[in-house]
Amino acid sequence: TFDKRYLLAASFGMQAVGLALLAVPSNGALLWPFVLLFSAGYGGPIPLRTGIQAEHFGVAALGTIQGMVLFIISIGTLAGPMVVGQLADMTGEYYGGFLAAAAMVGLGALLVLLVPKAHRTPQDA
């Protein structure tokens, strides 16, 4: 089996590359590569994140951990488009906003690799 941390980092990496493709001025040729990379990278973390959380904190704490994590994700989901839109209003283009979003997700991919390997099974709560 693959280490969930590496798969999660790869998923975030796919999102980052997809967002970087959006920043490249084009005639729309990069839209489908963006859709494929970003959508697979966006959906991949859902089960991986839960599995990593269960391995680290146990299934008894999973609801609490998920609640905190999803609250933080919701803040980014709400603020991200507003920040990118504000940058576009200020600069007249989306290039910087999409690159900043790609950099943030790329940083997340690197930070996932710093998470230590869990030394218990999810049932060891």
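This chain uses plain numbering: 1 for the first residue, then up along the sequence. Side-chain atoms are counted along with the backbone in the values below, which use heavy atoms only and exclude waters and symmetry mates.
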What closest approach, in Å, do [X] and [Y] show between heavy atoms, and which atom pair accounts for it?
| X | Y | answer |
| --- | --- | --- |
| Leu113 | Ala9 | CD2-CB, 3.6 Å |
| Ala102 | Leu19 | CB-CB, 3.8 Å |
| Ala109 | Gly13 | CB-N, 4.0 Å |
| Pro116 | His56 | O-CE1, 2.9 Å |
| Gly97 | Leu87 | CA-CD1, 3.8 Å |
| Ala29 | Pro33 | O-CD, 3.5 Å |

So, taking the atom named CG in Leu37 and the one named CE in Met14, what distance separates them when rounded to the nearest 0.5 Å?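 So the gap between those two atoms works out to 5.5 Å.
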Does Leu99 belong to the same Ile/Leu/Val/Met/Phe/Trp/Tyr cluster as Leu21, with side-chain heavy atoms less than 4.5 Å apart forming each link?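 No, it is not one cluster - the side chains of Leu99 and Leu21 are not joined through contacts under 4.5 Å.
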Membership question, hydrophobic clusters at under 4.5 Å side-chain separation (ILVMFWY): are Val24 and Met104 in the same one? no
Test item: Leu22 and Leu30 side chains (from C-beta on) under 4.5 Å apart, heavy atoms: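 The answer is no, as the side chains (C-beta and beyond) never meet within the 4.5 Å cut-off.
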Any side-chain heavy atom of Gln66 within less than 4.5 Å of one from Arg49?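 They are in side-chain contact.
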Residues two or more places apart in sequence or in another chain: which of them pass side-chain contact (heavy atoms from CB on, under 4.5 Å) with Ile65?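 With sequence neighbours excluded, Ile65 shows a side-chain contact (heavy atoms from CB on, under 4.5 Å) to Gln53, Phe57, Ala61, Met68, Val69, given in chain and number order.
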With sequence neighbours left out, which residue pairs that include part of residues 5-16 fulfil the side-chain hydrogen bond (donor to acceptor under 3.5 Å, both in side chains) condition? Asp3-Arg5
Besides Leu111, the hydrophobic cluster formed by Ile, Leu, Val, Met, Phe, Trp and Tyr side chains linked at under 4.5 Å, directly or via other members, contains Leu107, Leu114
Would you mind listing every ring-ring contact (aromatic ring centres under 6.0 Å, His included) that reaches into residues 30-50, with sequence neighbours excluded? Phe34-Phe38, Phe38-Tyr42
With ring-ring contact (aromatic ring centres under 6.0 Å, His included) as the rule and sequence neighbours excluded, what pairs involving residues 95-116 come up?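 Residue pairs passing ring-ring contact (aromatic ring centres under 6.0 Å, His included), neighbours aside: Tyr94-Phe98.
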Identify every side-chain donor-acceptor pair in residues 70-84 under 3.5 Å, counting partners at least two apart or on other chains, and give the distances.
unit_1: Ser74; atom_1: OG; unit_2: Leu70; atom_2: O; d: 2.8
unit_1: Thr77; atom_1: OG1; unit_2: Ile73; atom_2: O; d: 2.9

